[in-house]
Amino acid sequence: MDYGMLCAQAQSLAESEGWYVALMANASALLWEALSDINWAGFYIVRDGALTLGPFQGKAACIHIAKDKGVCGAAYRENKTMLVPNVHEFPGHIACDGASNAEIVIPLRDENNAVKAVLDIDSPTLNRFSEADKTGLEAFARVIEKAMKGL
Ligand code: SME
């Protein structure tokens, strides 16, 4: 997986429009096209201390996630990437799509390091995401985070 290329594509999209909705929508589409073996890729946005569904690709998903719920809530609460090889072993995992078996969630932060949104990618394959995927997807998230406007 060429994450350098993926980041360059995201950067190029971000230069044409930084509004966070357009950026997140195209970022989800990029991930959906580029990553093999995934069943969901998209964003949850921080609103009033909880997460609300944002732009994504995949099946319709849960709309609200509390800060103390699920993998997304943990990434928000702990302000760190959650790489989960087996979601069924993660306490409080929210099964939006029963096909999901592995997951990675990466926080997007503002200039004060406060979490503004999270990037959530799910896979039907156990252990789908490696440390290399984590590094690459964090770099991708940094591009979106720096460019996004209006959030
Ligand atoms: N599985 C997530 C919920 C979001 S859906 O996967 C799109 C979680 O436990 O946070």
Side-chain angles (χ1 to χ4, degrees), residues 1 3 6-7 9-10 13-14 18-110 112-148 150-151:
M1 179 61 214
Y3 283 107
L6 195 64
C7 289
Q9 288 174 324
L13 287 170
W19 184 49
Y20 73 100
V21 175
L23 194 50
M24 287 177 173
N26 267 335
S28 313
L30 276 184
L31 292 168
W32 190 249
E33 288 292 318
L35 293 178
S36 60
D37 200 21
I38 62 169
N39 61 309
W40 204 89
F43 295 85
Y44 279 88
I45 296 168
V46 173
R47 286 170 72 230
D48 301 327
L51 295 166
T52 302
L53 184 65
F56 71 94
Q57 300 271 311
K59 286 188 181 165
C62 27
I63 296 169
H64 298 291
I65 300 180
K67 202 172 185 174
D68 60 348
K69 292 280 178 332
V71 184
C72 291
Y76 172 28
R77 188 172 70 245
E78 297 179 25
N79 194 348
K80 68 170 199 192
T81 298
M82 306 301 296
L83 197 167
V84 182
N86 181 352
V87 296
H88 307 292
E89 291 176 355
F90 189 95
H93 165 252
I94 302 161
C96 288
D97 181 346
S100 299
N101 282 315
E103 175 162 2
I104 186 165
V105 183
I106 301 162
L108 275 64
R109 309 167 176 108
D110 67 12
N112 299 315
N113 205 38
V115 179
K116 302 290 284 180
V118 301
L119 168 61
D120 177 7
I121 307 173
D122 296 350
S123 170
T125 301
L126 293 168
N127 291 304
R128 164 63 183 80
F129 303 104
S130 64
E131 281 299 318
D133 291 312
K134 176 174 182 272
T135 303
L137 291 167
E138 285 178 339
F140 182 85
R142 294 293 81 78
V143 172
I144 307 301
E145 165 188 279
K146 281 198 183 68
M148 66 184 185
L151 181 62

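Whatever order the structure lists ligands and atoms in, that order sets their numbers, starting from 1. Residues: numbered from 1 along the sequence shown.
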Under-4.0 Å salt bridge between Glu138 and Lys134: yes
Between Trp40 and Lys59, is there a donor-acceptor pair closer than 3.5 Å when you use the side chain of the first and the backbone of the second?
yes
Ligand 1 atoms nearer than 4.0 angstrom to some heavy atom of Tyr44 are 4 (C), 7 (C)
Legend entry - Asn79 side-chain N/O to Asn113 backbone N/O, donor-acceptor pair under 3.5 Å: yes
Short question: side chain of Gln57, backbone of Ala41 - any donor-acceptor pair under 3.5 Å? no
For Trp40, the ligand 1 atoms with a heavy-atom partner under 4.0 Å come out as 7 (C)
Does Glu78, at its CD atom, have more than 12 non-hydrogen atoms belonging to other residues, nucleotides or ligands within less than 6.0 Å? yes
re atom 8 (C) of ligand 1, the protein heavy-atom contact at minimum distance is Val71 N, 3.3 Å
Ligand 1 atoms nearer than 4.0 angstrom to some heavy atom of His93 are 1 (N), 9 (O)
One should read off an interatomic distance between Arg128 CZ and Asn86 CG, to the nearest 0.5 angstrom, of 15.5 Å
Subject >> Polar proximity ligand 1 side, Ile94 side, N/O cut 3.5 Å exclusive >> reply: yes
of all protein heavy atoms, closest to atom 2 (C) of ligand 1 is Glu103 OE2, 3.2 Å
- Query: Can you tell me if NZ on Lys67 sees more than 12 non-hydrogen neighbours from other groups inside 6.0 Å?
  - Reply: yes
Atoms of ligand 1 under 4.0 Å from any heavy atom of Ile65, numbered from 1 in the order shown, are 3 (C), 4 (C)
Do Ala61 and ligand 1 have an N or O pair less than 3.5 Å apart? no
Ranked by distance from atom 4 (C) of ligand 1, the top protein heavy atom is Asp120 OD2, 3.3 Å
- request: Say whether Asp122, considering both its backbone and side-chain N or O atoms, lies within less than 3.5 Å of an N or O atom on ligand 1.
  value: yes
The single option from Asn39, Asn101, Asp97 that satisfies side-chain contact (heavy atoms from CB on, under 4.5 Å) with Asp122 is Asn39
Tightest non-hydrogen contact, residues Phe129 and Leu83, listed as O-CD2, 3.4 Å
Looking only at protein heavy atoms, what sits closest to atom 10 (O) of ligand 1 is Cys72 N, 2.8 Å
Among non-hydrogen protein atoms, atom 5 (S) of ligand 1 lies closest to Cys96 SG, 3.2 Å
Requested in this report: Decide whether the shortest distance between a heavy atom of Phe90 and an atom of ligand 1 is less than 4.0 Å.
Outcome: no
